[in-house]
Q: 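Quick one: the structure is below, questions incoming.
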Amino acid sequence: MRILLLIITGLALIAPATALAQTPPFTLFPVIGGAHYTDDFGDGRAGGSHEGNDLLAPCGTPTVAVVPGTVTLDWGDRSGWMVTLKGKSSWYRYIHMDGRDGPRSALAKGLKDGSRVKAGQIISYVGDTGDASGGPCHLHFELHRGANVSSPYAYLQTATIMQLDPADPVSANAVTPQVSLTITGVVAWTATVAGEGRLIIRPTGVSSSDGTKLSHAGTIALRASPSLFPAASVGRSVTVTTTAVGLTTALQDIVPLSWTAATVT
Ligand SMILES: [Zn+2]
(Lines give C-alpha, C1' and ligand atoms only; values in the text may rest on other atoms or scores of the structure.)
Protein backbone atom coordinates (compact mmCIF):
# COMPACT_ATOMS: atom_id res chain seq x y z
CA MET A 1 0.00 0.00 0.00
CA ARG A 2 2.75 2.34 0.89
CA ILE A 3 4.54 1.70 -2.40
CA LEU A 4 1.34 2.28 -4.36
CA LEU A 5 0.80 5.60 -2.62
CA LEU A 6 4.31 6.62 -3.46
CA ILE A 7 3.76 5.79 -7.13
CA ILE A 8 0.52 7.78 -7.23
CA THR A 9 2.24 10.77 -5.61
CA GLY A 10 5.06 10.45 -8.11
CA LEU A 11 2.64 10.48 -11.06
CA ALA A 12 0.87 13.54 -9.71
CA LEU A 13 4.18 15.34 -9.59
CA ILE A 14 5.15 14.32 -13.11
CA ALA A 15 1.82 15.04 -14.84
CA PRO A 16 1.90 18.87 -14.80
CA ALA A 17 5.48 18.93 -16.08
CA THR A 18 4.54 16.67 -19.04
CA ALA A 19 1.58 18.88 -19.94
CA LEU A 20 3.84 21.92 -19.97
CA ALA A 21 6.40 20.19 -22.17
CA GLN A 22 3.78 19.35 -24.82
CA THR A 23 3.40 22.69 -26.55
CA PRO A 24 0.68 22.34 -29.22
CA PRO A 25 2.12 22.42 -32.77
CA PHE A 26 -0.30 25.23 -33.66
CA THR A 27 -2.98 27.29 -31.90
CA LEU A 28 -4.55 29.17 -34.85
CA PHE A 29 -7.29 27.68 -37.02
CA PRO A 30 -6.08 27.61 -40.66
CA VAL A 31 -9.37 28.81 -42.23
CA ILE A 32 -10.65 32.31 -41.46
CA GLY A 33 -14.15 32.16 -39.99
CA GLY A 34 -13.83 28.44 -39.21
CA ALA A 35 -14.93 25.43 -41.24
CA HIS A 36 -17.00 22.27 -41.06
CA TYR A 37 -14.89 19.18 -40.45
CA THR A 38 -14.91 15.72 -38.91
CA ASP A 39 -12.23 13.49 -37.42
CA ASP A 40 -11.37 11.99 -40.83
CA PHE A 41 -7.62 11.51 -40.34
CA GLY A 42 -6.66 7.93 -41.23
CA ASP A 43 -9.88 7.21 -43.15
CA GLY A 44 -9.46 4.94 -46.17
CA ARG A 45 -9.23 6.89 -49.41
CA ALA A 46 -8.29 6.03 -52.97
CA GLY A 47 -4.51 5.65 -52.96
CA GLY A 48 -4.01 5.19 -49.19
CA SER A 49 -5.17 6.51 -45.85
CA HIS A 50 -6.28 10.10 -45.36
CA GLU A 51 -3.30 12.06 -44.04
CA GLY A 52 -5.09 15.21 -42.90
CA ASN A 53 -8.44 16.73 -41.99
CA ASP A 54 -10.77 18.14 -44.66
CA LEU A 55 -11.98 21.59 -43.62
CA LEU A 56 -15.08 22.52 -45.64
CA ALA A 57 -15.48 26.22 -46.38
CA PRO A 58 -16.57 28.24 -49.42
CA CYS A 59 -14.13 28.46 -52.32
CA GLY A 60 -12.10 31.64 -51.92
CA THR A 61 -12.17 31.72 -48.10
CA PRO A 62 -8.76 32.96 -46.93
CA THR A 63 -6.47 30.57 -45.09
CA VAL A 64 -3.80 31.75 -42.67
CA ALA A 65 -0.38 30.58 -41.56
CA VAL A 66 -0.96 28.64 -38.33
CA VAL A 67 2.62 29.37 -37.20
CA PRO A 68 5.33 31.76 -38.39
CA GLY A 69 7.46 30.25 -41.15
CA THR A 70 8.17 30.18 -44.87
CA VAL A 71 5.78 29.24 -47.69
CA THR A 72 6.28 27.42 -50.98
CA LEU A 73 3.75 26.65 -53.72
CA ASP A 74 3.62 23.39 -55.70
CA TRP A 75 1.24 21.69 -58.11
CA GLY A 76 0.32 17.99 -58.05
CA ASP A 77 -2.35 16.13 -60.03
CA ARG A 78 -3.98 14.85 -56.81
CA SER A 79 -3.20 17.77 -54.48
CA GLY A 80 -3.89 20.49 -57.02
CA TRP A 81 -2.32 23.73 -55.77
CA MET A 82 -0.47 22.97 -52.54
CA VAL A 83 1.09 25.46 -50.14
CA THR A 84 3.72 24.12 -47.74
CA LEU A 85 4.32 26.13 -44.57
CA LYS A 86 7.60 25.33 -42.83
CA GLY A 87 7.60 26.33 -39.16
CA LYS A 88 10.33 25.94 -36.57
CA SER A 89 9.49 22.43 -35.33
CA SER A 90 6.55 21.34 -37.55
CA TRP A 91 5.46 21.83 -41.11
CA TYR A 92 2.02 21.97 -42.68
CA ARG A 93 0.42 21.25 -46.03
CA TYR A 94 -2.49 23.26 -47.40
CA ILE A 95 -3.97 21.23 -50.27
CA HIS A 96 -6.60 21.86 -53.05
CA MET A 97 -6.02 25.62 -52.96
CA ASP A 98 -8.01 28.03 -55.13
CA GLY A 99 -6.98 27.70 -58.78
CA ARG A 100 -9.53 30.02 -60.38
CA ASP A 101 -6.70 32.39 -61.28
CA GLY A 102 -3.93 29.76 -61.50
CA PRO A 103 -0.98 30.23 -59.14
CA ARG A 104 -2.08 33.82 -58.50
CA SER A 105 -5.15 32.65 -56.57
CA ALA A 106 -3.31 29.79 -54.86
CA LEU A 107 -0.74 31.98 -53.09
CA ALA A 108 -1.80 35.28 -51.47
CA LYS A 109 -0.79 38.50 -53.15
CA GLY A 110 2.75 39.62 -52.40
CA LEU A 111 3.98 36.12 -51.50
CA LYS A 112 6.40 34.01 -53.53
CA ASP A 113 8.32 30.77 -52.95
CA GLY A 114 10.39 31.14 -49.79
CA SER A 115 8.50 34.18 -48.45
CA ARG A 116 8.51 34.57 -44.66
CA VAL A 117 5.05 34.85 -43.12
CA LYS A 118 3.73 35.69 -39.66
CA ALA A 119 1.25 33.52 -37.76
CA GLY A 120 -2.24 34.63 -38.79
CA GLN A 121 -1.09 36.09 -42.11
CA ILE A 122 -3.28 35.15 -45.11
CA ILE A 123 -1.26 32.77 -47.30
CA SER A 124 -3.83 31.18 -49.63
CA TYR A 125 -7.51 30.55 -50.38
CA VAL A 126 -9.76 27.48 -50.07
CA GLY A 127 -10.36 25.79 -53.43
CA ASP A 128 -11.22 22.55 -55.18
CA THR A 129 -8.15 21.84 -57.31
CA GLY A 130 -6.64 18.39 -57.90
CA ASP A 131 -8.80 15.42 -56.99
CA ALA A 132 -11.12 17.69 -54.98
CA SER A 133 -12.52 18.93 -58.29
CA GLY A 134 -16.27 18.32 -58.53
CA GLY A 135 -16.72 18.00 -54.74
CA PRO A 136 -17.28 20.67 -52.13
CA CYS A 137 -14.52 23.25 -51.76
CA HIS A 138 -12.28 22.40 -48.82
CA LEU A 139 -8.84 22.78 -47.33
CA HIS A 140 -7.08 19.45 -46.85
CA PHE A 141 -4.81 20.37 -43.93
CA GLU A 142 -1.84 18.23 -42.86
CA LEU A 143 0.42 18.42 -39.81
CA HIS A 144 3.94 16.99 -40.16
CA ARG A 145 6.55 16.60 -37.44
CA GLY A 146 9.83 15.55 -39.02
CA ALA A 147 9.09 12.52 -41.21
CA ASN A 148 5.81 11.77 -39.38
CA VAL A 149 2.37 12.93 -40.36
CA SER A 150 0.07 13.47 -37.34
CA SER A 151 -3.63 14.11 -36.94
CA PRO A 152 -4.29 17.85 -36.59
CA TYR A 153 -7.83 17.18 -35.27
CA ALA A 154 -7.29 17.71 -31.52
CA TYR A 155 -5.42 20.97 -32.14
CA LEU A 156 -8.01 22.24 -34.62
CA GLN A 157 -10.67 21.77 -31.96
CA THR A 158 -8.99 24.14 -29.53
CA ALA A 159 -7.48 26.51 -32.11
CA THR A 160 -8.43 30.19 -32.20
CA ILE A 161 -10.61 31.00 -35.21
CA MET A 162 -9.77 34.29 -36.88
CA GLN A 163 -12.61 36.35 -38.37
CA LEU A 164 -12.67 38.29 -41.63
CA ASP A 165 -11.67 41.91 -41.39
CA PRO A 166 -14.19 43.79 -43.59
CA ALA A 167 -11.71 46.68 -43.83
CA ASP A 168 -9.17 44.41 -45.52
CA PRO A 169 -10.04 44.22 -49.25
CA VAL A 170 -7.94 41.05 -49.73
CA SER A 171 -10.10 39.08 -47.33
CA ALA A 172 -13.40 40.91 -47.94
CA ASN A 173 -13.33 40.01 -51.64
CA ALA A 174 -13.10 36.38 -50.79
CA VAL A 175 -16.43 36.09 -48.99
CA THR A 176 -18.96 34.08 -50.97
CA PRO A 177 -22.50 33.51 -49.71
CA GLN A 178 -22.97 30.33 -47.73
CA VAL A 179 -25.90 28.18 -48.77
CA SER A 180 -27.37 25.11 -47.10
CA LEU A 181 -30.11 22.70 -48.16
CA THR A 182 -33.17 21.43 -46.33
CA ILE A 183 -34.28 18.06 -47.66
CA THR A 184 -37.44 16.29 -46.58
CA GLY A 185 -38.01 12.70 -47.58
CA VAL A 186 -37.63 9.07 -46.68
CA VAL A 187 -34.36 7.39 -45.80
CA ALA A 188 -33.62 4.86 -48.57
CA TRP A 189 -30.22 3.64 -47.38
CA THR A 190 -27.33 4.38 -45.05
CA ALA A 191 -23.84 2.92 -45.27
CA THR A 192 -20.28 3.41 -44.21
CA VAL A 193 -17.92 3.17 -47.18
CA ALA A 194 -14.20 3.30 -46.45
CA GLY A 195 -14.88 4.98 -43.10
CA GLU A 196 -17.12 7.61 -44.67
CA GLY A 197 -20.86 7.73 -43.98
CA ARG A 198 -23.37 7.89 -46.83
CA LEU A 199 -27.04 8.81 -46.48
CA ILE A 200 -29.43 8.25 -49.38
CA ILE A 201 -32.78 10.08 -49.30
CA ARG A 202 -35.85 9.62 -51.50
CA PRO A 203 -36.84 13.30 -51.47
CA THR A 204 -40.29 14.82 -51.26
CA GLY A 205 -38.98 18.37 -51.03
CA VAL A 206 -35.67 20.21 -51.45
CA SER A 207 -35.03 23.88 -50.76
CA SER A 208 -31.95 26.06 -50.45
CA SER A 209 -31.41 28.68 -47.74
CA ASP A 210 -30.99 31.50 -50.28
CA GLY A 211 -33.68 30.41 -52.76
CA THR A 212 -31.21 29.14 -55.39
CA LYS A 213 -32.92 26.82 -57.85
CA LEU A 214 -31.64 23.26 -57.56
CA SER A 215 -31.82 20.50 -60.10
CA HIS A 216 -32.00 16.88 -59.07
CA ALA A 217 -33.61 13.67 -60.18
CA GLY A 218 -34.40 10.60 -58.12
CA THR A 219 -32.63 9.90 -54.86
CA ILE A 220 -30.12 12.25 -53.20
CA ALA A 221 -26.83 10.85 -51.93
CA LEU A 222 -25.21 12.83 -49.12
CA ARG A 223 -22.01 12.50 -47.15
CA ALA A 224 -22.93 12.04 -43.49
CA SER A 225 -21.18 11.32 -40.24
CA PRO A 226 -22.18 7.82 -39.07
CA SER A 227 -23.14 9.52 -35.77
CA LEU A 228 -26.29 10.74 -37.61
CA PHE A 229 -27.38 7.21 -38.50
CA PRO A 230 -29.42 6.49 -35.34
CA ALA A 231 -31.83 9.26 -36.45
CA ALA A 232 -31.88 7.95 -40.02
CA SER A 233 -33.18 4.39 -39.99
CA VAL A 234 -34.28 3.08 -43.40
CA GLY A 235 -37.91 3.91 -44.22
CA ARG A 236 -38.15 6.78 -41.76
CA SER A 237 -39.48 10.21 -42.82
CA VAL A 238 -36.81 12.78 -42.01
CA THR A 239 -35.75 16.37 -42.48
CA VAL A 240 -32.07 16.73 -43.31
CA THR A 241 -30.13 19.97 -43.29
CA THR A 242 -26.70 20.22 -44.87
CA THR A 243 -23.61 22.18 -43.95
CA ALA A 244 -23.45 25.66 -45.45
CA VAL A 245 -20.97 26.05 -48.30
CA GLY A 246 -20.31 28.37 -51.23
CA LEU A 247 -22.36 27.19 -54.20
CA THR A 248 -20.67 25.51 -57.14
CA THR A 249 -22.33 24.05 -60.25
CA ALA A 250 -21.89 20.55 -58.84
CA LEU A 251 -23.69 21.56 -55.64
CA GLN A 252 -26.48 23.26 -57.58
CA ASP A 253 -26.97 20.04 -59.58
CA ILE A 254 -26.85 18.02 -56.31
CA VAL A 255 -24.17 15.74 -57.74
CA PRO A 256 -24.07 12.57 -55.56
CA LEU A 257 -22.03 13.09 -52.35
CA SER A 258 -21.41 16.77 -53.11
CA TRP A 259 -23.40 17.87 -50.03
CA THR A 260 -22.74 16.89 -46.41
CA ALA A 261 -25.58 16.27 -43.97
CA ALA A 262 -25.32 18.35 -40.79
CA THR A 263 -28.51 17.36 -38.95
CA VAL A 264 -31.17 14.66 -39.33
CA THR A 265 -34.50 15.01 -37.49
ZN1 LIG B 1 -8.47 15.40 -47.61
Side-chain angles (χ1 to χ4, degrees), residues 25-26 28-66 71-86 90-100 105-107 123-145 147-157 159 161 191-199 221-228 242-246 248 250-251 255-262:
F26 64 93
L28 275 182
F29 198 85
V31 181
I32 285 194
H36 175 76
Y37 61 102
T38 58
D39 191 2
D40 58 355
F41 181 88
D43 282 2
R45 295 285 166 94
S49 84
H50 194 226
E51 297 205 319
N53 286 142
D54 288 341
L55 312 179
L56 275 72
C59 258
T61 305
T63 64
V64 297
V66 294
V71 287
T72 48
L73 180 67
D74 292 287
W75 169 266
D77 286 341
R78 289 183 58 209
S79 65
W81 288 112
M82 172 174 77
V83 175
T84 303
L85 169 68
K86 276 207 171 71
S90 305
W91 54 284
Y92 310 83
R93 273 185 172 148
Y94 295 65
I95 284 176
H96 307 315
M97 307 321 291
D98 194 354
R100 288 179 290 185
S105 54
L107 203 57
I123 55 171
S124 187
Y125 302 91
V126 173
D128 59 354
T129 52
D131 60 14
S133 168
C137 296
H138 69 278
L139 168 65
H140 169 104
F141 180 70
E142 290 182 4
L143 161 64
H144 294 259
R145 296 193 248 204
N148 300 319
V149 61
S150 316
S151 173
Y153 186 73
Y155 308 111
L156 289 170
Q157 292 220 289
I161 297 172
T192 306
V193 180
E196 210 180 66
R198 311 259 160 105
L199 172 61
L222 302 163
R223 291 174 194 271
S225 162
S227 64
L228 296 173
T242 68
T243 57
V245 289
T248 63
L251 290 166
V255 166
L257 305 179
S258 58
W259 290 91
T260 301

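Ligands are counted one by one from 1 in listed order, and the atoms in each one are counted from 1 as well. Index from 1, following the sequence.
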Q: Take Asp39 and Ser151 through the side chain to side chain contact (heavy atoms under 4.5 Å, CB included) test and state the conclusion after the steps.
A: CA-CA 9 Å; Asp39 191 2; Ser151 173; 4.3 Å; yes
Q: Test side chain to side chain contact (heavy atoms under 4.5 Å, CB included) on Leu156 and Phe141 and set out the steps.
A: CA-CA 10 Å; Leu156 289 170; Phe141 180 70; 4.2 Å; yes
Q: Closest to the Zn ion (ligand 1), which N/O/S atom of His140 is it?
A: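 The closest N, O or S atom of His140 to the Zn ion (ligand 1) is ND1.
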Q: Within less than 2.8 Å of the Zn ion (ligand 1), any N, O or S from His50?
A: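 Looking at His50, which is the residue asked about, there is an N, O or S atom under 2.8 Å from the Zn ion (ligand 1).
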Q: Please state whether the rings of His138 and His96 are parallel, tilted or perpendicular, taking 30° and 60° as the class boundaries.
A: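 His138 vs His96 ring planes: perpendicular.
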Q: Yes or no on salt bridge (charged side-chain N to carboxylate O under 4.0 Å, His left out) for Arg45 and Glu51, after CA distance, side-chain angles and deciding distance?
A: CA-CA 10 Å; Arg45 295 285 166 94; Glu51 297 205 319; over 6 Å; no
Q: Please confirm if an N, O or S atom belonging to Asp54, backbone or side chain, lies less than 2.8 Å from the Zn ion (ligand 1).
A: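 Within the cut-off used here (under 2.8 Å), Asp54 does place an N, O or S atom near the Zn ion (ligand 1).
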Q: Mind checking whether the Zn ion (ligand 1) has an N, O or S of His138 under 2.8 Å?
A: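 Checking His138: none of its N, O or S atoms is under 2.8 Å.
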